[in-house]
There are 2 protein chains.
Amino acid sequence: MSMPTEGPTAPRLKDVAELAQVSVKTVSNVVNGTTPVAEATRERVQRAIDALGYHPNLTARRLRTGRSGVIALAFPELPSPYFAELAVEVIAAARRVGITVLMDDTGGDPAAELRIASGLGDPMIDGVILSPLGLDQATLLSRSREIPLVLLGEADLGPVADRVHIDNVAGARAVTRHLIDEGYRRIAAIGWQDPSPRATAEQRLTGFRTALEGAGLTVDQALLPPVRAYFRPDGASAMRRLLKLPDRPDAVFCFNDLLALGALRAAHEAGLRVPDDIAIVGFDDVEEAEYAIPSLTTVAPDKRHIAELAVRCLMERIEKRYDGPSRLITPGFRVVVRESSTSAR
Amino acid sequence: MSMPTEGPTAPRLKDVAELAQVSVKTVSNVVNGTTPVAEATRERVQRAIDALGYHPNLTARRLRTGRSGVIALAFPELPSPYFAELAVEVIAAARRVGITVLMDDTGGDPAAELRIASGLGDPMIDGVILSPLGLDQATLLSRSREIPLVLLGEADLGPVADRVHIDNVAGARAVTRHLIDEGYRRIAAIGWQDPSPRATAEQRLTGFRTALEGAGLTVDQALLPPVRAYFRPDGASAMRRLLKLPDRPDAVFCFNDLLALGALRAAHEAGLRVPDDIAIVGFDDVEEAEYAIPSLTTVAPDKRHIAELAVRCLMERIEKRYDGPSRLITPGFRVVVRESSTSAR
DNA sequence: ACCTTGTATTCTCACGTTGTAGTCGCGGCG
DNA sequence: CGCCGCGACTACAACGTGAGAATACAAGGT
């Protein structure tokens with residue numbers, strides 16, 4: 001025997017079988033429900049399973065069947081509130097269908113994202129849910145192993161994988177229109193990226209533009225300060241640039257909530273009151289938006305629904321219940337109006 | 001054949017062996033270097049490996065060696081910024097040693113925590129890193145399977161497992177002393193729990209007390225409003241209670257940053273300026289603390305170091321490089337002074 | 001020349017699981 | 001009365017790997 005001898009080994013099918021006085025395969029049948037088992041036997045086996053605390057060895061199952069019941073979930077930036085909140089929903093949705101989730105953090109690095117999309121993170125993985133940031137279409141096509149993949153977010157990486165996203169153009173348009181309805185007229189946007197804007201930036205800018213033009217307003221290029229990334233400091237520094245303008249804006253649409261929170265801070269540092277001197281709105285509806293001072297108006301995707309759809313979609317691929325062309329799924333959103341955009345003007 | 005037929009099958013040891021005209025075990029020896037192999041043979045085998053693009057099947061290897069290469073990481077509340085930020089560091093530290101992390105969220109429920117600590121999570125798990133909340137020592141002792149376990153945080157669950165934590169008493173004392181040094185005298189603390197305070201509450205209160213007494217100040221029971229949990233709303237409601245007092249405090253030490261952020265909001269709603277009317281400090285140094293308005297003074301644990309130590313410690317147990325008594329590891333912390341506690345008084 | 005020593009390689013089995021091909025017993029039908 | 005068919009269960013093989021025991025072979029000492 002070469003195995004390391006560690007006290008009580010985890011119970012195996014064999015142990016359950018002996019206790020229940022049946023064959024190993026019968027226990028396997030009870031666990032998987034592949035073959036009908038007589039009610040009396042099933043009950044006896046189930047009692048033995050509970051008594052021993054049996055849990056299937058996924059490594060062995062994977063070796064035998066090629067499936068493990070584990071999927072990977074990768075975000076560019078896990079501590080970002082939006083991703084963390086979405087992650088919890090994905091884990092919950094997966095658990096509801098008996099699937100375990102391995103989390104990973106790519107840092108937005110294309111190489112790390114490709115690694116995940118190829119399932120090389122762990123050989124035991126059946127499928128992947130990935131929110132890409134740096135990955136481009138050509139790179140994704142070069143992945144070494146084609147495992148079922150569902151993409152989250154707005155990046156269009158071609159017809160290689162199913163994708164779940166919300167309508168960014170419509171969301172941006174809706175929240176911009178809300179600013180206009182509240183009476184703001186000189187409206188800036190924080191989140192454009194120059195050079196090489198991400199899909200998020202392009203789509204939210206399009207929505208922003210459409211809303212302004214629809215209201216007969218013009219888009220002032222000076223009111224579109226570019227940012228490097230989508231974190232608080234980026235929002236703060238963009239806001240500072242806006243506030244230095246001779247004719248500063250009276251409202252700002254930030255392309256995500258973190259940018260908005262940074263902008264909020266910069267406005268505060270400049271001695272401005274929000275929303276009386278300047279309105280600020282965001283996108284994502286992270287929990288913190290509700291507790292910001294002032295609380296933040298934002299576009300709220302239905303995170304639970306997104307997670308649910310992504311998991312369902314991936315499982316259909318893994319279980320080969322669906323094998324058609326790649327699908328694009330677009331759940332809805334709401335605009336949540338809070339203090340940061342509702343001055344009594 | 002029952003395996004799902006997916007295109008060209010990956011090359012196996014057997015294929016390499018046939019091409020190189022040696023036995024399977026010899027190839028295995030070349031790959032793993034367990035047994036010396038003659039130079040000529042090794043070269044021939046290596047050429048065959050390269051020619052076929054052979055890559056070991058980790059699933060099979062794991063089945064054989066009894067290890068899964070997966071560890072579980074469980075927090076009471078994953079979307080909490082402190083836990084999310086720590087989780088990312090653990091994932092990164094684990095990846096550096098070739099280990100995959102399975103994340104779980106216990107909600108602080110003792111039963112869920114026991115399940116995790118027993119390795120009954122879902123897949124085959126080599127070890128567990130757990131941040132317990134509700135679990136007590138007696139319950140932990142009753143775990144059904146003794147798998148390597150490293151605890152994170154201040155809860156002392158006896159000598160059953162290694163534990164990585166920072167010195168909460170010292171951290172609380174240091175940040176309280178900072179408030180005293182800044183000239184604040186009527187100092188409150190938000191985070192006590194009544195009944196059944198957690199270890200966190202007890203230790204941070206002890207540090208708080210020690211600092212006050214060391215400065216010749218007395219602890220006013222009215223300035224210790226209990227909270228239910230450690231989220232923003234708890235901090236906000238405790239703060240509102242404090243502000244209703246006839247003789248309200250001039251500074252508040254919150255036992256974590258989320259409480260402090262909630263307190264900040266309540267102070268703002270009450271029309272108070274921070275830190276001029278009242279100072280607020282926290283604990284954890286979550287990223288958000290730096291961008292709060294005003295930015296938050298807090299106690300900063302070195303999350304990367306904590307994660308590194310926890311993973312290293314666990315791997316030593318898993319690989320049986322260490323089998324001695326359970327260890328208590330206490331990395332350092334810093335007090336990060338920001339705006340919320342530095343009025344020009 | 002034969003045996004010992006040691007090194008290089010092969011043989012065989014087991015890890016825990018599931019699919020296939022059975023076996024067993026029982027009731028119904030010819 | 002015997003045979004068929006059916007449902008419930010069992011025996012066995014195999015997934016790819018790694019470890020120990022067994023074997024082959026060469027060199028050196030007697």
Side-chain angles (χ1 to χ4, degrees), chain A residues 1-6 9-46 48-49 52-70 123-124 126 319, chain B residues 1-6 8-46 48-49 52-70 122-126:
Chain A
M1 188 58 172
S2 59
M3 298 291 297
T5 34
E6 28 182 307
T9 320
R12 299 153 298 167
L13 278 183
K14 195 181 159 195
D15 302 316
V16 177
E18 277 168 13
L19 182 59
Q21 304 273 31
V22 294
S23 78
V24 170
K25 188 62 212 295
T26 301
V27 181
S28 169
N29 287 335
V30 170
V31 172
N32 299 302
T34 36
T35 307
V37 175
E39 192 48 37
T41 317
R42 130 170 280 110
E43 229 170 74
R44 193 152 38 94
V45 170
Q46 190 57 53
I49 288 175
L52 294 176
Y54 168 79
H55 213 81
N57 181 324
L58 296 188
T59 305
R61 174 179 289 175
R62 168 89 190 164
L63 180 61
R64 185 63 180 87
T65 63
R67 292 225 178 96
S68 64
V70 178
M124 195 163 83
D126 292 342
E319 292 167 359
Chain B
M1 190 58 171
S2 60
M3 298 290 296
T5 33
E6 23 186 306
T9 320
R12 298 153 299 165
L13 278 184
K14 194 180 159 195
D15 302 318
V16 178
E18 276 168 13
L19 182 59
Q21 303 273 30
V22 294
S23 79
V24 171
K25 184 65 207 297
T26 301
V27 181
S28 170
N29 286 337
V30 170
V31 173
N32 298 304
T34 34
T35 307
V37 175
E39 193 48 36
T41 318
R42 129 169 279 111
E43 226 172 77
R44 194 152 38 92
V45 170
Q46 190 58 54
I49 288 175
L52 293 174
Y54 169 78
H55 203 74
N57 180 326
L58 292 191
T59 305
R61 175 178 289 175
R62 286 171 177 179
L63 177 61
R64 183 61 184 93
T65 58
R67 287 219 248 290
S68 66
V70 177
D122 273 66
M124 195 190 181
I125 287 193
D126 291 341

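Naming convention: chains lettered A, B, ... in sequence-line order (proteins, then strands); numbering from 1 in each chain. Predicted model only: the values in this text are computed from it and were never measured.
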Which of these nucleotides, [options], is closest to any side-chain atom of [X]?
| X | options | value |
| --- | --- | --- |
| B:A38 | C:dT18, D:dG16, C:dA8 | C:dA8 |
| A:V22 | D:dA19, C:dT9, D:dT10 | D:dT10 |
| A:P36 | D:dC15, C:dT10, D:dA8 | D:dA8 |

For the residue pair [X] and [Y], what are the closest heavy atoms and their distance?
| X | Y | answer |
| --- | --- | --- |
| A:N57 | A:T59 | OD1-N, 2.8 Å |
| A:A10 | A:D15 | O-OD2, 4.3 Å |
| B:I125 | B:S68 | CA-OG, 4.0 Å |
| B:G69 | B:D126 | N-OD2, 2.7 Å |
| B:V30 | B:R42 | O-NH2, 4.0 Å |

Between atom [atom1] in [X] and atom [atom2] in [N], what is the gap in whole Å?
| X | N | atom1 | atom2 | result |
| --- | --- | --- | --- | --- |
| A:N32 | C:dT20 | CG | P | 14 Å |
| B:R44 | C:dA8 | CZ | C1' | 12 Å |
| A:L13 | D:dA11 | CG | P | 15 Å |
| A:E39 | D:dC9 | CD | P | 10 Å |
| A:R64 | C:dT17 | CZ | P | 13 Å |
| B:E43 | C:dA8 | CD | P | 15 Å |
| B:N29 | C:dC11 | CG | P | 14 Å |
| A:K14 | D:dA11 | NZ | P | 13 Å |

For the side chain of [X] and the backbone of [Y], is there at least one donor-acceptor N/O pair under 3.5 Å apart?
| X | Y | value |
| --- | --- | --- |
| B:R44 | B:A20 | yes |
| A:T65 | A:R61 | yes |
| B:N32 | B:T34 | no |

Letter by letter from the 5' end, nucleotides 21-28 of chain D scores (B base, S sugar-phosphate only, - none; protein heavy atoms under 4.0 Å) --------
Contact list for DNA chain D against residues 55-62 of chain B - heavy-atom distance below 4.0 Å |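 Heavy-atom cutoff 4.0 Å gives B:P56, B:N57, B:A60, B:R61.
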Atom pair [atom1]/[atom2] of [X] and [Y] - distance to nearest 0.5 Å:
| X | Y | atom1 | atom2 | answer |
| --- | --- | --- | --- | --- |
| B:L13 | B:T26 | CG | OG1 | 10.5 Å |
| B:H55 | B:I49 | NE2 | CD1 | 11.5 Å |
| B:Q21 | B:L19 | CD | CG | 8.0 Å |
| A:L63 | B:L63 | CG | CG | 5.5 Å |

Note down the inter-axis angle between the two ends of the helix from C:dA1-D:dT30 to C:dG30-D:dC1, five pairs each, to the nearest 10°.
->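 Both end axes considered, the difference amounts to 80°.
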Report which part of the nucleic acid A:V24 touches: base, sugar-phosphate, or nothing (heavy-atom distance under 4.0 Å, all strands).
->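 Result for A:V24 = base.
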5′-ward residue of the pair A:A40/B:S28 relative to DNA chain D =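 The answer here is A:A40.
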Verify the contact: side-chain N or O of A:T26 to OP1 or OP2 of D:dT10, cut-off strictly under 4.0 Å; return yes or no.
->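 For A:T26, the contact criterion (side-chain N or O under 4.0 Å from OP1 or OP2 of D:dT10) is met.
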